[in-house]
Amino acid sequence: MEKTQPARGMRDFLPADVRRREYVIGVVRGVYERYGFEPLETPAVENIETLTGKYGEEGNQLIFKILKRGEHERTGAADLALRYDLTVPLARVVAEYGERLPKFFKRYQIQPVWRADRPARGRFREFYQCDLDATGSRSMIVEAEICAAASDVLAQLGFTNFTIRLNHRQVLAGVLDAAGVAPELHGDALIALDKLDKIGAEGVARELIERGVAGAAGAKLLRFFEGVAGIEKAAESVDVGAPGTEREAFNAAMLGRLVEFLGEHEAGARGVDELRQILQFAEATGAGARIKIDPSLARGLSYYTGAIMEISVPDLAGSLGGGGRYDHLVGMFSKQEVPACGFSLGLERIIVVMTEREMFPADLVSAAADVLVTIWDESSAGDALALARELRAGGLRVDVYPERGDKVGKQFKYASTRGVPFVAVAGPDERARGEVSLKDMRSGEQQTVRSAAAAETLKTLLKGNGDG
RNA sequence: UUGGCUGUAGCUCAACGGCAGAGCGUCGCACUGUGGAUGCGAAGACGACGAGUUCGAUUCUCGCCAGCCGACCCA
(Lines give C-alpha, C1' and ligand atoms only; values in the text may rest on other atoms or scores of the structure.)
Protein backbone atom coordinates (compact mmCIF):
# COMPACT_ATOMS: atom_id res chain seq x y z
CA MET A 1 0.00 0.00 0.00
CA GLU A 2 1.27 3.41 -0.82
CA LYS A 3 1.04 5.92 1.95
CA THR A 4 -1.92 8.17 1.69
CA GLN A 5 -0.89 11.02 3.90
CA PRO A 6 -0.18 14.27 2.14
CA ALA A 7 3.46 15.15 1.55
CA ARG A 8 5.36 16.38 4.55
CA GLY A 9 4.28 19.75 5.82
CA MET A 10 1.30 19.79 3.43
CA ARG A 11 -2.28 19.31 4.52
CA ASP A 12 -5.61 18.14 3.21
CA PHE A 13 -8.48 20.34 4.22
CA LEU A 14 -11.65 18.43 5.01
CA PRO A 15 -14.97 20.25 4.72
CA ALA A 16 -14.97 21.59 8.29
CA ASP A 17 -11.42 22.86 7.79
CA VAL A 18 -12.31 24.58 4.55
CA ARG A 19 -15.29 26.26 6.19
CA ARG A 20 -13.08 27.67 8.92
CA ARG A 21 -10.51 28.85 6.40
CA GLU A 22 -13.10 30.47 4.19
CA TYR A 23 -14.59 32.22 7.17
CA VAL A 24 -11.26 33.82 8.07
CA ILE A 25 -10.44 34.62 4.46
CA GLY A 26 -13.83 36.26 4.11
CA VAL A 27 -13.14 38.55 7.05
CA VAL A 28 -9.66 39.38 5.77
CA ARG A 29 -10.91 40.15 2.29
CA GLY A 30 -13.75 42.26 3.61
CA VAL A 31 -11.45 44.43 5.72
CA TYR A 32 -8.83 44.76 3.01
CA GLU A 33 -11.45 45.87 0.51
CA ARG A 34 -12.78 48.41 2.96
CA TYR A 35 -9.33 49.95 2.97
CA GLY A 36 -9.43 50.28 -0.79
CA PHE A 37 -7.07 47.47 -1.71
CA GLU A 38 -7.59 45.48 -4.90
CA PRO A 39 -7.14 41.76 -5.44
CA LEU A 40 -4.14 40.30 -7.23
CA GLU A 41 -3.13 36.76 -8.03
CA THR A 42 0.20 35.57 -9.37
CA PRO A 43 1.48 32.11 -10.41
CA ALA A 44 2.57 29.56 -7.84
CA VAL A 45 5.78 29.19 -9.80
CA GLU A 46 8.32 31.91 -10.49
CA ASN A 47 11.55 31.88 -12.42
CA ILE A 48 14.16 30.94 -9.90
CA GLU A 49 16.20 34.09 -10.36
CA THR A 50 13.15 36.13 -9.44
CA LEU A 51 13.30 34.66 -5.96
CA THR A 52 16.95 34.07 -5.18
CA GLY A 53 18.81 36.77 -3.36
CA LYS A 54 15.70 38.51 -2.06
CA TYR A 55 15.22 36.86 1.29
CA GLY A 56 18.67 36.64 2.78
CA GLU A 57 20.78 33.61 3.46
CA GLU A 58 18.13 31.65 5.39
CA GLY A 59 15.38 32.29 2.95
CA ASN A 60 17.45 31.29 -0.05
CA GLN A 61 17.85 27.80 1.33
CA LEU A 62 14.18 27.38 2.08
CA ILE A 63 13.02 27.97 -1.49
CA PHE A 64 11.34 24.94 -3.08
CA LYS A 65 13.08 24.48 -6.38
CA ILE A 66 11.76 22.79 -9.47
CA LEU A 67 14.15 20.78 -11.61
CA LYS A 68 14.60 21.58 -15.22
CA ARG A 69 12.48 19.33 -17.34
CA GLY A 70 13.25 17.24 -20.39
CA GLU A 71 16.79 16.46 -21.40
CA HIS A 72 18.22 18.81 -18.78
CA GLU A 73 16.58 16.86 -15.98
CA ARG A 74 19.68 14.79 -15.27
CA THR A 75 21.79 17.82 -14.39
CA GLY A 76 19.67 18.44 -11.30
CA ALA A 77 19.62 22.11 -12.12
CA ALA A 78 16.55 24.16 -11.27
CA ASP A 79 15.14 26.97 -13.34
CA LEU A 80 11.80 27.45 -11.56
CA ALA A 81 10.74 27.62 -7.95
CA LEU A 82 7.58 27.82 -5.88
CA ARG A 83 7.02 31.29 -4.55
CA TYR A 84 8.36 31.89 -1.07
CA ASP A 85 6.15 34.84 -0.23
CA LEU A 86 3.77 37.22 -1.96
CA THR A 87 5.86 40.34 -1.64
CA VAL A 88 8.53 39.50 -4.19
CA PRO A 89 5.96 38.47 -6.81
CA LEU A 90 4.24 41.80 -6.18
CA ALA A 91 7.50 43.64 -6.73
CA ARG A 92 7.93 41.74 -9.98
CA VAL A 93 4.40 42.66 -11.05
CA VAL A 94 4.95 46.31 -10.22
CA ALA A 95 8.19 46.31 -12.21
CA GLU A 96 6.53 44.51 -15.13
CA TYR A 97 3.37 46.58 -15.45
CA GLY A 98 4.83 49.90 -14.33
CA GLU A 99 2.78 52.81 -15.61
CA ARG A 100 -0.24 50.66 -16.34
CA LEU A 101 -0.83 50.34 -12.62
CA PRO A 102 -2.23 53.17 -10.52
CA LYS A 103 0.29 55.63 -9.12
CA PHE A 104 -0.46 54.27 -5.69
CA PHE A 105 -1.03 50.60 -6.25
CA LYS A 106 -2.80 49.03 -3.30
CA ARG A 107 -3.26 45.34 -3.64
CA TYR A 108 -4.16 42.42 -1.45
CA GLN A 109 -3.30 38.84 -2.25
CA ILE A 110 -4.46 35.71 -0.48
CA GLN A 111 -2.64 32.72 -1.88
CA PRO A 112 -0.43 29.86 -0.76
CA VAL A 113 3.33 30.12 -0.51
CA TRP A 114 5.86 27.33 -0.04
CA ARG A 115 8.86 27.01 2.19
CA ALA A 116 11.10 23.96 2.57
CA ASP A 117 11.07 24.44 6.30
CA ARG A 118 10.75 21.92 9.06
CA PRO A 119 7.07 21.61 9.96
CA ALA A 120 6.10 22.56 13.50
CA ARG A 121 3.13 23.92 15.39
CA GLY A 122 1.58 26.58 13.19
CA ARG A 123 4.26 26.11 10.61
CA PHE A 124 3.80 24.26 7.37
CA ARG A 125 5.52 23.88 4.05
CA GLU A 126 2.50 25.09 2.18
CA PHE A 127 0.60 27.89 3.83
CA TYR A 128 -1.55 30.84 3.00
CA GLN A 129 -0.53 34.40 3.44
CA CYS A 130 -2.93 37.29 3.37
CA ASP A 131 -0.83 40.13 2.04
CA LEU A 132 -1.60 43.79 1.91
CA ASP A 133 0.80 46.15 0.17
CA ALA A 134 0.83 49.68 -1.12
CA THR A 135 3.40 50.86 -3.63
CA GLY A 136 4.34 54.31 -4.84
CA SER A 137 4.34 56.27 -1.60
CA ARG A 138 6.95 57.03 1.02
CA SER A 139 4.40 58.49 3.41
CA MET A 140 4.07 56.99 6.86
CA ILE A 141 0.33 57.22 6.35
CA VAL A 142 0.77 53.97 4.44
CA GLU A 143 2.33 52.27 7.45
CA ALA A 144 -0.39 53.54 9.72
CA GLU A 145 -3.16 52.36 7.42
CA ILE A 146 -1.62 48.97 6.96
CA CYS A 147 -1.31 48.50 10.69
CA ALA A 148 -4.90 49.64 11.05
CA ALA A 149 -6.13 47.13 8.47
CA ALA A 150 -4.29 44.22 10.06
CA SER A 151 -5.55 45.31 13.43
CA ASP A 152 -9.13 45.53 12.16
CA VAL A 153 -8.92 42.01 10.77
CA LEU A 154 -7.84 40.54 14.07
CA ALA A 155 -10.34 42.58 16.03
CA GLN A 156 -13.14 41.46 13.76
CA LEU A 157 -12.09 37.85 14.16
CA GLY A 158 -12.38 38.27 17.89
CA PHE A 159 -8.79 38.80 18.99
CA THR A 160 -8.51 41.13 21.94
CA ASN A 161 -4.98 40.75 23.19
CA PHE A 162 -2.63 41.26 20.28
CA THR A 163 0.23 43.69 20.03
CA ILE A 164 1.75 45.30 16.97
CA ARG A 165 5.44 45.55 17.63
CA LEU A 166 7.06 48.32 15.64
CA ASN A 167 10.67 49.00 14.84
CA HIS A 168 12.75 50.45 12.03
CA ARG A 169 15.65 49.05 10.07
CA GLN A 170 17.49 52.38 10.01
CA VAL A 171 17.02 52.78 13.73
CA LEU A 172 18.31 49.30 14.25
CA ALA A 173 21.33 50.01 12.09
CA GLY A 174 21.82 53.28 13.91
CA VAL A 175 21.73 51.62 17.31
CA LEU A 176 24.31 49.08 16.19
CA ASP A 177 26.54 51.79 14.71
CA ALA A 178 26.22 53.89 17.81
CA ALA A 179 27.18 50.92 19.95
CA GLY A 180 30.21 50.40 17.75
CA VAL A 181 29.21 47.12 16.13
CA ALA A 182 31.04 46.68 12.85
CA PRO A 183 28.70 46.87 9.83
CA GLU A 184 29.55 43.34 8.69
CA LEU A 185 28.43 42.03 12.07
CA HIS A 186 25.08 43.80 12.07
CA GLY A 187 23.28 40.72 10.88
CA ASP A 188 24.71 38.52 13.61
CA ALA A 189 24.02 41.10 16.27
CA LEU A 190 20.39 41.37 15.14
CA ILE A 191 19.84 37.63 15.28
CA ALA A 192 21.09 37.64 18.85
CA LEU A 193 19.10 40.70 19.86
CA ASP A 194 15.93 39.31 18.38
CA LYS A 195 15.98 36.69 21.12
CA LEU A 196 16.09 39.19 23.94
CA ASP A 197 12.60 38.42 25.17
CA LYS A 198 13.30 34.70 25.05
CA ILE A 199 16.78 34.16 26.43
CA GLY A 200 17.26 37.37 28.39
CA ALA A 201 20.17 39.77 28.56
CA GLU A 202 22.74 37.21 29.70
CA GLY A 203 21.71 34.85 26.91
CA VAL A 204 22.08 37.59 24.34
CA ALA A 205 25.42 38.58 25.79
CA ARG A 206 26.63 35.01 25.42
CA GLU A 207 25.36 34.80 21.86
CA LEU A 208 26.92 38.13 20.93
CA ILE A 209 30.30 36.85 22.02
CA GLU A 210 29.75 33.61 20.10
CA ARG A 211 29.00 35.64 17.03
CA GLY A 212 32.07 37.75 17.38
CA VAL A 213 30.44 40.91 18.73
CA ALA A 214 32.44 41.17 21.88
CA GLY A 215 33.96 43.82 24.05
CA ALA A 216 32.87 47.40 24.28
CA ALA A 217 30.35 47.23 21.43
CA GLY A 218 28.49 44.25 22.87
CA ALA A 219 28.46 45.76 26.32
CA LYS A 220 27.20 49.09 25.09
CA LEU A 221 24.51 47.39 23.08
CA LEU A 222 23.33 45.40 26.05
CA ARG A 223 23.35 48.41 28.29
CA PHE A 224 21.05 50.10 25.85
CA PHE A 225 18.63 47.20 25.84
CA GLU A 226 18.72 46.90 29.58
CA GLY A 227 17.69 50.52 29.61
CA VAL A 228 14.84 49.57 27.31
CA ALA A 229 13.67 46.96 29.79
CA GLY A 230 13.80 49.62 32.47
CA ILE A 231 11.53 51.86 30.42
CA GLU A 232 9.05 49.03 30.21
CA LYS A 233 8.98 48.70 33.98
CA ALA A 234 8.65 52.42 34.48
CA ALA A 235 5.73 52.58 32.07
CA GLU A 236 3.95 49.76 33.84
CA SER A 237 3.82 51.78 37.02
CA VAL A 238 2.18 54.76 35.30
CA ASP A 239 -0.97 52.90 34.34
CA VAL A 240 -3.25 54.78 36.72
CA GLY A 241 -4.68 57.17 34.16
CA ALA A 242 -6.84 56.58 31.13
CA PRO A 243 -6.45 53.32 29.20
CA GLY A 244 -3.47 53.53 26.88
CA THR A 245 -1.47 55.78 29.14
CA GLU A 246 0.99 53.05 29.89
CA ARG A 247 1.59 52.30 26.26
CA GLU A 248 1.85 55.97 25.30
CA ALA A 249 4.28 56.65 28.09
CA PHE A 250 6.28 53.65 27.05
CA ASN A 251 6.42 54.60 23.38
CA ALA A 252 7.33 58.19 24.18
CA ALA A 253 10.07 57.14 26.56
CA MET A 254 11.38 54.63 24.07
CA LEU A 255 11.62 57.19 21.29
CA GLY A 256 13.37 59.55 23.64
CA ARG A 257 15.86 56.92 24.62
CA LEU A 258 16.53 56.10 20.97
CA VAL A 259 17.15 59.74 20.08
CA GLU A 260 19.53 60.01 22.98
CA PHE A 261 21.41 56.85 22.10
CA LEU A 262 21.61 57.54 18.38
CA GLY A 263 23.02 61.04 18.85
CA GLU A 264 24.36 62.33 15.56
CA HIS A 265 23.43 59.25 13.54
CA GLU A 266 21.52 60.73 10.65
CA ALA A 267 19.72 57.75 9.16
CA GLY A 268 18.81 56.52 12.61
CA ALA A 269 17.36 59.87 13.55
CA ARG A 270 15.25 59.87 10.39
CA GLY A 271 14.04 56.42 11.33
CA VAL A 272 13.01 57.57 14.78
CA ASP A 273 11.15 60.41 13.19
CA GLU A 274 9.30 57.99 10.95
CA LEU A 275 8.35 55.87 13.92
CA ARG A 276 7.04 58.96 15.63
CA GLN A 277 4.91 59.77 12.59
CA ILE A 278 3.52 56.26 12.39
CA LEU A 279 2.52 56.40 16.04
CA GLN A 280 0.93 59.76 15.54
CA PHE A 281 -1.07 58.72 12.46
CA ALA A 282 -2.07 55.43 14.01
CA GLU A 283 -3.64 57.19 16.96
CA ALA A 284 -6.48 58.12 14.65
CA THR A 285 -7.05 54.48 13.69
CA GLY A 286 -7.96 51.28 15.45
CA ALA A 287 -4.31 50.30 15.50
CA GLY A 288 -3.23 53.14 17.75
CA ALA A 289 -3.93 51.29 20.95
CA ARG A 290 -2.05 48.25 19.71
CA ILE A 291 1.32 49.57 18.66
CA LYS A 292 4.35 49.27 20.85
CA ILE A 293 7.84 50.31 19.88
CA ASP A 294 10.16 47.35 20.21
CA PRO A 295 13.80 48.21 19.47
CA SER A 296 14.77 44.54 19.49
CA LEU A 297 12.41 43.52 16.70
CA ALA A 298 14.51 42.55 13.68
CA ARG A 299 12.63 40.25 11.22
CA GLY A 300 14.44 37.84 8.99
CA LEU A 301 13.75 39.05 5.50
CA SER A 302 16.52 41.11 4.04
CA TYR A 303 14.51 43.36 1.77
CA TYR A 304 13.11 45.65 4.47
CA THR A 305 14.50 49.17 4.46
CA GLY A 306 12.37 51.18 6.87
CA ALA A 307 9.65 50.50 9.39
CA ILE A 308 9.13 46.87 10.31
CA MET A 309 6.29 45.41 12.31
CA GLU A 310 5.07 42.17 13.67
CA ILE A 311 1.84 41.09 15.34
CA SER A 312 2.05 38.76 18.27
CA VAL A 313 -0.35 37.20 20.73
CA PRO A 314 0.60 35.77 24.12
CA ASP A 315 -0.20 32.12 23.38
CA LEU A 316 1.75 31.61 20.18
CA ALA A 317 5.52 31.65 20.13
CA GLY A 318 5.74 32.94 16.58
CA SER A 319 3.90 35.88 15.11
CA LEU A 320 0.49 36.09 13.48
CA GLY A 321 1.90 38.31 10.81
CA GLY A 322 4.55 40.78 9.93
CA GLY A 323 5.58 43.37 7.45
CA GLY A 324 7.45 46.49 6.73
CA ARG A 325 8.74 48.96 4.22
CA TYR A 326 10.89 47.84 1.33
CA ASP A 327 11.79 50.77 -0.87
CA HIS A 328 14.37 49.02 -3.03
CA LEU A 329 12.77 45.70 -3.87
CA VAL A 330 10.95 46.83 -7.00
CA GLY A 331 14.21 48.44 -8.09
CA MET A 332 15.78 45.01 -8.15
CA PHE A 333 13.46 44.20 -11.04
CA SER A 334 13.53 47.46 -12.95
CA LYS A 335 15.41 50.73 -13.28
CA GLN A 336 12.51 52.50 -11.69
CA GLU A 337 12.72 52.61 -7.90
CA VAL A 338 9.26 52.27 -6.42
CA PRO A 339 8.79 52.65 -2.66
CA ALA A 340 6.52 50.11 -1.04
CA CYS A 341 5.23 48.94 2.27
CA GLY A 342 3.19 45.91 3.17
CA PHE A 343 2.00 43.47 5.72
CA SER A 344 1.28 39.77 5.71
CA LEU A 345 -1.10 37.90 7.95
CA GLY A 346 -0.45 34.19 8.37
CA LEU A 347 -3.74 32.41 7.82
CA GLU A 348 -2.60 29.12 9.37
CA ARG A 349 -1.42 30.75 12.55
CA ILE A 350 -4.59 32.71 12.95
CA ILE A 351 -6.51 29.48 12.51
CA VAL A 352 -4.33 27.59 15.00
CA VAL A 353 -4.96 30.17 17.70
CA MET A 354 -8.65 30.57 16.86
CA THR A 355 -9.20 26.83 16.94
CA GLU A 356 -7.51 26.45 20.28
CA ARG A 357 -9.42 29.30 21.80
CA GLU A 358 -12.65 28.16 20.13
CA MET A 359 -13.13 31.52 18.53
CA PHE A 360 -15.04 30.25 15.50
CA PRO A 361 -18.77 30.87 15.34
CA ALA A 362 -20.70 27.74 16.27
CA ASP A 363 -22.76 27.65 13.08
CA LEU A 364 -19.68 27.36 10.88
CA VAL A 365 -19.86 23.59 11.03
CA SER A 366 -23.41 23.64 9.74
CA ALA A 367 -24.82 20.81 7.69
CA ALA A 368 -24.03 20.39 4.04
CA ALA A 369 -27.68 20.67 3.05
CA ASP A 370 -30.93 22.20 4.27
CA VAL A 371 -33.02 19.23 3.29
CA LEU A 372 -32.59 15.60 2.34
CA VAL A 373 -35.00 14.23 -0.26
CA THR A 374 -35.63 10.56 0.38
CA ILE A 375 -36.00 7.97 -2.33
CA TRP A 376 -39.13 5.88 -2.02
CA ASP A 377 -38.60 3.12 -4.54
CA GLU A 378 -37.37 2.33 -8.03
CA SER A 379 -40.24 3.90 -9.86
CA SER A 380 -40.37 7.20 -7.96
CA ALA A 381 -36.70 8.14 -8.15
CA GLY A 382 -37.53 10.52 -10.96
CA ASP A 383 -40.15 12.24 -8.80
CA ALA A 384 -37.60 12.65 -6.01
CA LEU A 385 -35.10 14.22 -8.37
CA ALA A 386 -37.78 16.51 -9.75
CA LEU A 387 -38.69 17.57 -6.20
CA ALA A 388 -35.01 18.25 -5.47
CA ARG A 389 -34.78 20.35 -8.58
CA GLU A 390 -37.76 22.39 -7.52
CA LEU A 391 -36.36 22.92 -4.02
CA ARG A 392 -32.99 23.93 -5.44
CA ALA A 393 -34.67 26.38 -7.75
CA GLY A 394 -36.16 27.84 -4.60
CA GLY A 395 -32.67 28.52 -3.30
CA LEU A 396 -32.35 25.60 -0.90
CA ARG A 397 -29.36 23.34 -0.47
CA VAL A 398 -30.71 19.92 -1.30
CA ASP A 399 -29.24 16.48 -0.86
CA VAL A 400 -30.87 13.50 -2.59
CA TYR A 401 -30.44 10.12 -0.94
CA PRO A 402 -28.55 8.15 -3.55
CA GLU A 403 -29.60 4.52 -3.03
CA ARG A 404 -33.06 3.38 -3.92
CA GLY A 405 -33.11 0.14 -1.94
CA ASP A 406 -32.60 1.62 1.51
CA LYS A 407 -35.44 1.78 3.96
CA VAL A 408 -36.83 5.17 4.87
CA GLY A 409 -35.64 4.72 8.45
CA LYS A 410 -32.11 4.41 7.21
CA GLN A 411 -32.49 7.51 5.12
CA PHE A 412 -33.75 9.46 8.14
CA LYS A 413 -30.84 8.22 10.14
CA TYR A 414 -28.46 9.37 7.46
CA ALA A 415 -29.99 12.84 7.52
CA SER A 416 -29.82 12.86 11.27
CA THR A 417 -26.16 11.91 11.57
CA ARG A 418 -25.20 14.43 8.94
CA GLY A 419 -27.10 17.16 10.73
CA VAL A 420 -29.42 17.90 7.84
CA PRO A 421 -32.30 19.75 9.49
CA PHE A 422 -35.15 18.66 7.19
CA VAL A 423 -36.21 15.50 5.43
CA ALA A 424 -38.67 15.43 2.56
CA VAL A 425 -40.67 12.27 1.98
CA ALA A 426 -42.93 11.68 -1.00
CA GLY A 427 -44.41 8.20 -0.71
CA PRO A 428 -47.35 6.82 -2.65
CA ASP A 429 -49.90 8.68 -0.48
CA GLU A 430 -48.27 12.07 -0.87
CA ARG A 431 -47.63 11.62 -4.54
CA ALA A 432 -51.21 10.62 -5.20
CA ARG A 433 -52.25 13.99 -3.81
CA GLY A 434 -49.36 16.00 -5.25
CA GLU A 435 -47.97 16.56 -1.77
CA VAL A 436 -44.76 16.07 0.15
CA SER A 437 -44.15 15.47 3.85
CA LEU A 438 -41.55 17.64 5.52
CA LYS A 439 -40.06 16.60 8.82
CA ASP A 440 -38.11 18.95 11.04
CA MET A 441 -35.38 16.72 12.41
CA ARG A 442 -34.71 18.99 15.35
CA SER A 443 -38.23 19.32 16.69
CA GLY A 444 -39.55 16.05 15.27
CA GLU A 445 -42.56 17.88 13.88
CA GLN A 446 -43.83 16.88 10.49
CA GLN A 447 -46.24 18.49 8.09
CA THR A 448 -47.56 17.67 4.67
CA VAL A 449 -47.78 20.39 2.05
CA ARG A 450 -48.42 20.69 -1.67
CA SER A 451 -45.22 19.95 -3.56
CA ALA A 452 -45.29 23.35 -5.17
CA ALA A 453 -45.29 25.01 -1.75
CA ALA A 454 -42.51 22.86 -0.27
CA ALA A 455 -39.66 25.25 -1.04
CA GLU A 456 -41.44 28.22 0.50
CA THR A 457 -42.45 26.24 3.56
CA LEU A 458 -38.91 25.02 4.13
CA LYS A 459 -37.47 28.48 3.71
CA THR A 460 -39.88 29.84 6.29
CA LEU A 461 -39.07 27.04 8.69
CA LEU A 462 -35.33 27.47 8.23
CA LYS A 463 -35.56 31.17 8.85
CA GLY A 464 -37.79 30.62 11.84
CA ASN A 465 -35.25 28.36 13.45
CA GLY A 466 -32.82 31.19 13.11
CA ASP A 467 -29.56 29.56 14.01
CA GLY A 468 -28.99 27.89 10.62
C1' U B 1 20.01 21.43 11.27
C1' U B 2 19.55 19.64 16.77
C1' G B 3 17.66 17.21 21.61
C1' G B 4 13.39 14.62 24.04
C1' C B 5 8.72 11.79 23.63
C1' U B 6 5.32 8.85 20.73
C1' G B 7 3.73 5.30 16.78
C1' U B 8 -1.53 -0.86 18.41
C1' A B 9 -9.07 -0.92 14.91
C1' G B 10 -11.86 4.87 11.32
C1' C B 11 -10.94 8.00 16.25
C1' U B 12 -9.16 8.09 21.52
C1' C B 13 -6.36 4.86 24.18
C1' A B 14 -5.18 -0.11 27.23
C1' A B 15 -2.53 -4.69 28.30
C1' C B 16 1.37 -8.22 27.54
C1' G B 17 8.50 -11.87 25.74
C1' G B 18 3.63 -16.84 24.43
C1' C B 19 -4.60 -16.47 21.56
C1' A B 20 -4.62 -8.44 20.57
C1' G B 21 -8.63 -5.47 24.34
C1' A B 22 -12.07 -1.33 25.53
C1' G B 23 -14.78 3.16 24.68
C1' C B 24 -16.53 6.08 20.75
C1' G B 25 -17.70 5.68 15.60
C1' U B 26 -19.42 2.36 11.46
C1' C B 27 -22.75 -1.54 9.82
C1' G B 28 -26.88 -5.05 10.86
C1' C B 29 -31.20 -6.50 13.82
C1' A B 30 -35.29 -5.41 17.48
C1' C B 31 -38.21 -1.10 14.19
C1' U B 32 -40.86 -4.05 6.22
C1' G B 33 -43.83 5.02 6.00
C1' U B 34 -39.70 7.99 10.04
C1' G B 35 -33.71 9.51 12.83
C1' G B 36 -31.86 10.73 17.90
C1' A B 37 -32.68 6.75 23.26
C1' U B 38 -32.05 1.54 24.63
C1' G B 39 -30.79 -3.56 23.90
C1' C B 40 -28.52 -7.45 21.04
C1' G B 41 -25.11 -8.70 17.27
C1' A B 42 -21.26 -7.95 13.39
C1' A B 43 -17.35 -6.09 10.74
C1' G B 44 -12.81 -3.77 11.39
C1' A B 45 -5.35 -4.47 13.37
C1' C B 46 0.40 -7.94 8.07
C1' G B 47 0.87 -4.08 15.66
C1' A B 48 4.12 2.70 10.84
C1' C B 49 8.12 0.28 7.92
C1' G B 50 12.74 -2.85 7.77
C1' A B 51 16.35 -5.75 10.18
C1' G B 52 18.35 -8.21 14.57
C1' U B 53 18.15 -10.99 19.50
C1' U B 54 14.83 -15.21 20.86
C1' C B 55 12.01 -21.70 20.61
C1' G B 56 8.68 -17.51 20.09
C1' A B 57 8.73 -10.08 19.32
C1' U B 58 3.24 -5.76 19.29
C1' U B 59 6.62 -6.04 23.66
C1' C B 60 13.74 -6.10 23.88
C1' U B 61 17.86 -3.87 20.39
C1' C B 62 19.26 -1.21 15.95
C1' G B 63 17.90 1.31 11.59
C1' C B 64 14.22 4.05 8.97
C1' C B 65 9.90 6.89 8.31
C1' A B 66 6.09 9.80 10.40
C1' G B 67 3.86 12.79 14.29
C1' C B 68 4.19 15.81 18.85
C1' C B 69 7.20 18.98 22.22
C1' G B 70 11.57 22.22 22.77
C1' A B 71 16.09 24.68 20.41
C1' C B 72 17.22 27.24 15.61
C1' C B 73 14.23 29.93 12.25
C1' C B 74 9.79 31.79 10.60
C1' A B 75 3.73 33.45 8.72
Side-chain angles (χ1 to χ4, degrees), chain A residues 1-11 14 24 28 55-62 83-87 110-132 150 190-192 194-195 198-199 203 207 210-211 297-302 309-313 316-324 342-353 372 374-377 380 401 405-431 436-446 448:
Chain A
M1 278 274 269
E2 277 176 60
K3 69 170 178 185
T4 51
Q5 302 145 319
R8 182 157 199 219
M10 314 277 175
R11 291 156 305 154
L14 296 181
V24 175
V28 171
Y55 303 108
E57 186 78 22
E58 290 279 345
N60 253 353
Q61 294 176 343
L62 297 178
R83 66 170 165 243
Y84 180 88
D85 70 358
L86 302 176
T87 307
I110 302 171
Q111 285 193 285
V113 304
W114 292 266
R115 294 184 188 176
D117 220 339
R118 185 160 195 257
R121 178 177 131 90
R123 186 211 251 146
F124 306 93
R125 287 181 157 183
E126 176 182 59
F127 61 97
Y128 273 67
Q129 290 193 324
C130 310
D131 271 42
L132 185 71
L190 288 181
I191 290 169
D194 200 38
K195 301 175 192 167
K198 257 188 259 174
I199 61 179
E207 182 145 349
E210 277 166 30
R211 290 177 182 272
L297 175 68
R299 289 189 62 71
L301 300 179
S302 63
M309 48 258 185
E310 206 163 276
I311 292 194
S312 40
V313 289
L316 189 77
S319 63
L320 289 184
F343 197 90
S344 178
L345 282 171
L347 180 66
E348 334 297 323
R349 299 216 164 152
I350 290 173
I351 289 172
V352 164
V353 175
L372 174 79
T374 56
I375 296 281
W376 194 257
D377 57 23
S380 64
Y401 195 86
D406 286 347
K407 283 183 284 195
V408 192
K410 198 165 168 181
Q411 303 189 38
F412 270 81
K413 186 169 183 173
Y414 179 74
S416 176
T417 55
R418 297 215 54 205
V420 178
F422 287 92
V423 173
V425 180
D429 298 348
E430 286 92 342
R431 266 177 293 133
V436 56
S437 292
L438 305 173
K439 177 161 179 174
D440 185 329
M441 298 300 279
R442 291 171 293 192
S443 66
E445 285 164 25
Q446 181 166 322
T448 303

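Chain naming here is simple, since letters A, B, ... match the order of the sequence lines and numbering starts at 1 in each.
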Counting the atoms with a prime plus P, OP1 and OP2 as sugar-phosphate, which does [X] contact under 4.0 Å by heavy atoms, base, sugar-phosphate, or nothing?
X: A:Gln446; value: base
X: A:Gly59; value: nothing
X: A:Asp429; value: base
X: A:Val425; value: base

Hey, is the main chain of [Y] close enough, under 3.5 Å, to the side chain of [X] for a donor-acceptor pair?
X: A:Arg115; Y: A:Tyr84; value: yes
X: A:Glu348; Y: A:Tyr128; value: yes
X: A:Glu430; Y: A:Thr448; value: no
X: A:Ser344; Y: A:Gly322; value: no
X: A:Glu126; Y: A:Arg11; value: no

Side chain of [X] - closest among [options]:
X: A:Arg349; options: B:rA75, B:rG35, B:rG33; value: B:rA75
X: A:Arg299; options: B:rU34, B:rA75, B:rG3; value: B:rA75
X: A:Glu430; options: B:rG33, B:rA75, B:rU34; value: B:rG33
X: A:Arg8; options: B:rA66, B:rG33, B:rG35; value: B:rA66
X: A:Glu348; options: B:rU34, B:rA75, B:rC69; value: B:rA75

### Task
Produce a footprint string for nucleotides 24-29 of chain B: one letter per nucleotide, 5' end first; B if the base is under 4.0 Å from any protein heavy atom, S if only the sugar-phosphate is, - if neither.
--S-SS
### Task
Check RNA chain B against residues 125-132 of chain A and give the residues with a non-hydrogen atom under 4.0 Å, in numerical order.
A:Phe127, A:Gln129
#### Entry: Pairwise side-chain contact, A:Arg83 with A:Pro112, heavy-atom cut-off 4.5 Å (strictly under)
yes
### Task
To the nearest Å, give me how far apart CG (A:Leu62) and P (B:rC72) are.
16 Å
